[in-house]
2 protein chains.
Amino acid sequence: MANIQQIAQKAGVSVATVSRVLNNATSVTQKTRSKVESAIKELNYEPSMLGRNLRKSESRLMLVLLPSISNPFYNEIINGIQNTAISNNYNILLCETDSKPERENIYFNMVKNKLADGIISMDPTVNMQKLNELAENHPVILCSEYEEGGCIPYVTIDSELAAYQAVKHLIKLGNEKIALITSDEKFLYARLRRAGYERALKEFHLPIREEWIYHTKELEFQNGVQAMRILLQLEEKPTAVFAVSDTLAIGALKALNGGLKLPHPIAVVGIDNISFSNMTNPTLTTISQPMYKMGLLAAEMLMDRMKGKKVESMILDHELIIRESTMG
Amino acid sequence: MANIQQIAQKAGVSVATVSRVLNNATSVTQKTRSKVESAIKELNYEPSMLGRNLRKSESRLMLVLLPSISNPFYNEIINGIQNTAISNNYNILLCETDSKPERENIYFNMVKNKLADGIISMDPTVNMQKLNELAENHPVILCSEYEEGGCIPYVTIDSELAAYQAVKHLIKLGNEKIALITSDEKFLYARLRRAGYERALKEFHLPIREEWIYHTKELEFQNGVQAMRILLQLEEKPTAVFAVSDTLAIGALKALNGGLKLPHPIAVVGIDNISFSNMTNPTLTTISQPMYKMGLLAAEMLMDRMKGKKVESMILDHELIIRESTMG
DNA sequence: CTGAAAGCGCTAACAA
DNA sequence: TTGTTAGCGCTTTCAG
């Protein structure tokens, strides 16, 4: 592999001039430029980013932390991040933590080691203390999951309101026994969505019964299946279910169809509007999050941060999408 | 941020010694080591990978090219790649090309520019000519999609056989009118799967009718829905459908349920065994690919390549998973 | 066992 | 407009 020296020699100019050509500096005569360019072609030269990165002390890489790419919720967010990043000459490194602290540490170190310029975390399981420490010296943005009252800027939706609206929709349909399938309440979104669920129930004077609230360990389909099966074993069965993610809701739907015959179909609502939610049978009523926009904004915020600008947290709008799973 | 110089100064040793401590060289007395270590702690020092990478002329990053992460088929493969990479001190950079050549070029350049040490391509839309050129000077592995008779090592399954077995399964169930939903035949897997489909039909003296073969533009759910709708409009409707991916098959299933009443249910088989395939109603019969293993092997092959070893292409086993969509 | 020094490939300040 | 040169932070050879 040729280096900048060899190009300079071949073209009969200095390395500085080659560098100027490489970086489209204006102060190069067309004649010199051509000389350099033909030397580059001749030697099949590709400038090394390693040298440039060291010199400029940047990597133009941003890290995107997420627990697992198997949750399609992240797909569109990632698209948003990626498109924004690329158009700003950045690249993204997708980092699956699998909710393992060791993994997380690897990625934190990449930032500390200058191998990445900043980090967008979408991982609810992230170690907030460590992330806060990192954020003192490095650009960090939270996306979707965030810390209340924390100092890291975030972009998210109003989870409490979303849950409230989802449950209210179920109530308006005449349901009075509404179950909640949620995940571990160590996660803020789970606490907020539960709060929204309870607010709706209270507002309509409906009972909040612990046995109708099921906590899953993860957000995989199977967790939703499992949850629904348990709820169906109750003496007093719910007539409707609100799940805090589409993956759980889809699992619940699966447990419902082909299961025991019930006097009434059980209505189901999810959150996220993942693409698969329109392929289930029945199709899933859900709250749509502006995933692409969240990703786009998170990336913009990160880049502002990297430039040293201050950025404000944002809360985006969501929308109830009514489909077959709540149409009896 | 402290650098190695400052540590050396603080510890009263040379930078060489600090470097030795950093890299666990044996030839450092415990006493010197402690001095250095406490200096590191005191200054909160983190070694810069930028310097190391330049010096060693490696990035310990591998690129993973795929058309879109929204196809869950890639999830498990990526897990396999990632786990292998991490345990070898590598990181992966997921690269969505969106089937756009500009995107692809960005990633190829990262390898040329030394920003990445090698590349695993799972992108059927990849520009094979350019990839071959790249492979002359850089480590490249193909995963899933490959080039027949090409010189880039690959890991894949026997697509022709998989398709043959899927269709044979439909035939054994008594189906004689079997449609094929496939994608553009510029892709090798599409050609191979069609070949398997035709081999099975011929073997049982069943007709191959062009109107029962539908080509989709992409592999999204919606493409499958669309395809099935067209097939249902035919005068002579097929009684079974083989789709070359689970996403298409799931779309087909969706078009089928809630649609017009048919004398017999239409059987559907897919390929991939993505996690959704078990959540549809009915659940999907499919050919399971060993996705995790494919990813694992691809990563190992790439690392061997990066060490300069020769590697052999591999064809892995698949398996027919029978579920409700072919159980009438 | 430790230090001095060269150098990886590039950019940018300064000089000409 | 172009060249000279210092140096980004690290590893590694060679000497001691």
Side-chain angles (χ1 to χ4, degrees), chain A residues 1-37 39-40 43-61 89 109-117 137-138, chain B residues 1-37 39-40 43-61 89 109-117 137-138:
Chain A
M1 271 290 124
N3 61 20
I4 200 171
Q5 292 271 14
Q6 294 163 28
I7 301 300
Q9 199 167 353
K10 183 111 197 165
V13 299
S14 72
V15 290
T17 301
V18 178
S19 173
R20 287 188 189 105
V21 173
L22 254 26
N23 295 285
N24 291 315
T26 45
S27 69
V28 185
T29 44
Q30 187 52 47
K31 206 176 130 198
T32 349
R33 183 181 297 272
S34 331
K35 274 198 297 185
V36 172
E37 278 166 352
I40 289 177
L43 295 186
N44 207 359
Y45 167 71
E46 298 280 350
S48 159
M49 288 300 161
L50 259 26
R52 174 179 299 177
N53 285 351
L54 174 59
R55 178 60 224 242
K56 303 182 89 167
S57 192
E58 65 168 22
S59 64
R60 298 202 85 77
L61 230 45
N89 243 302
N109 281 331
M110 287 183 73
V111 178
K112 291 184 190 160
N113 294 338
K114 301 267 179 193
L115 249 193
D117 295 343
N137 297 307
H138 302 275
Chain B
M1 271 290 124
N3 62 19
I4 201 171
Q5 292 272 14
Q6 294 163 30
I7 301 300
Q9 199 167 352
K10 184 114 198 163
V13 299
S14 73
V15 290
T17 301
V18 178
S19 173
R20 288 188 188 104
V21 172
L22 253 27
N23 295 284
N24 291 314
T26 45
S27 68
V28 185
T29 42
Q30 187 51 50
K31 206 175 128 197
T32 343
R33 182 181 298 271
S34 328
K35 275 197 298 186
V36 173
E37 278 166 352
I40 289 177
L43 295 185
N44 207 358
Y45 167 69
E46 299 279 350
S48 158
M49 288 300 160
L50 259 26
R52 173 178 298 177
N53 286 350
L54 174 59
R55 177 60 223 245
K56 303 182 92 167
S57 192
E58 66 167 23
S59 64
R60 298 202 84 78
L61 230 45
N89 243 303
N109 281 331
M110 287 183 72
V111 178
K112 292 183 189 160
N113 294 338
K114 301 268 179 192
L115 248 193
D117 295 342
N137 297 307
H138 302 276

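Sequence lines set the chain letters: A, B, ... in the order given, protein chains first and strands last, and positions in each chain run from 1. Bear in mind the structure is a predicted one, so any value in this text is a computation, not a measurement.
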Between Thr17(A) and dT2(D), does any side-chain N or O lie under 4.0 Å from OP1 or OP2?
no
Nearest whole angstrom, please: distance from the P of dC8(C) to the CG of Asn113(B).
18 Å
Base, sugar-phosphate, or nothing: which does Asn53(B) touch, judged by heavy atoms less than 4.0 Å apart?
nothing
Send over the distance from Leu43(B) CG to dG9(D) P, rounded to a whole Å.
14 Å
Arg20(A) side chain, from C-beta outward: closest of dG3(D), dC10(D), dC10(C)
dG3(D)
Which nucleotide in the list dC10(C), dG3(D), dC10(D) gets nearest to the side chain of Pro47(A)?
dC10(C)
Measure across Gln6(B) and Ala2(B) and return the closest heavy-atom pair with its distance rounded to 0.1 Å.
OE1-CA, 3.4 Å
For the student: nearest non-hydrogen atoms of Leu22(A) and Tyr45(A), plus distance:
CD2-OH, 3.7 Å
Would you list the protein and nucleotides 5-7 of chain C atom pairs, both N or O, that sit under 3.5 Å from each other?
residue: dG7(C); atom: N2; partner: Arg55(B); partner atom: NH1; Å: 3.4

Once rounded to the nearest 0.5 Å, what's the spacing between atom OG1 of Thr32(A) and atom CZ of Arg20(A)?
10.0 Å
Any base atoms under 4.0 Å from Val13(A), or only sugar-phosphate, or nothing? Heavy atoms, all strands.
sugar-phosphate
Applying a 4.0 Å non-hydrogen cut-off, can you work out what Ser48(A) is touching in the nucleic acid: base, sugar-phosphate, or nothing?
sugar-phosphate
Please report the closest heavy-atom contact between Ala8(B) and Ser14(B), naming both atoms and the distance.
CB-C, 3.7 Å
Which part of the nucleic acid does Leu54(A) contact within heavy-atom distance under 4.0 Å: base, sugar-phosphate only, or nothing?
base
CE on Met110(B) to CG on Leu61(A), rounded to 0.5 Å:
5.5 Å
Near DNA chain C, under 4.0 Å by heavy atom, which residues of residues 25-35 of chain B?
Ser27(B), Val28(B), Thr29(B), Thr32(B)
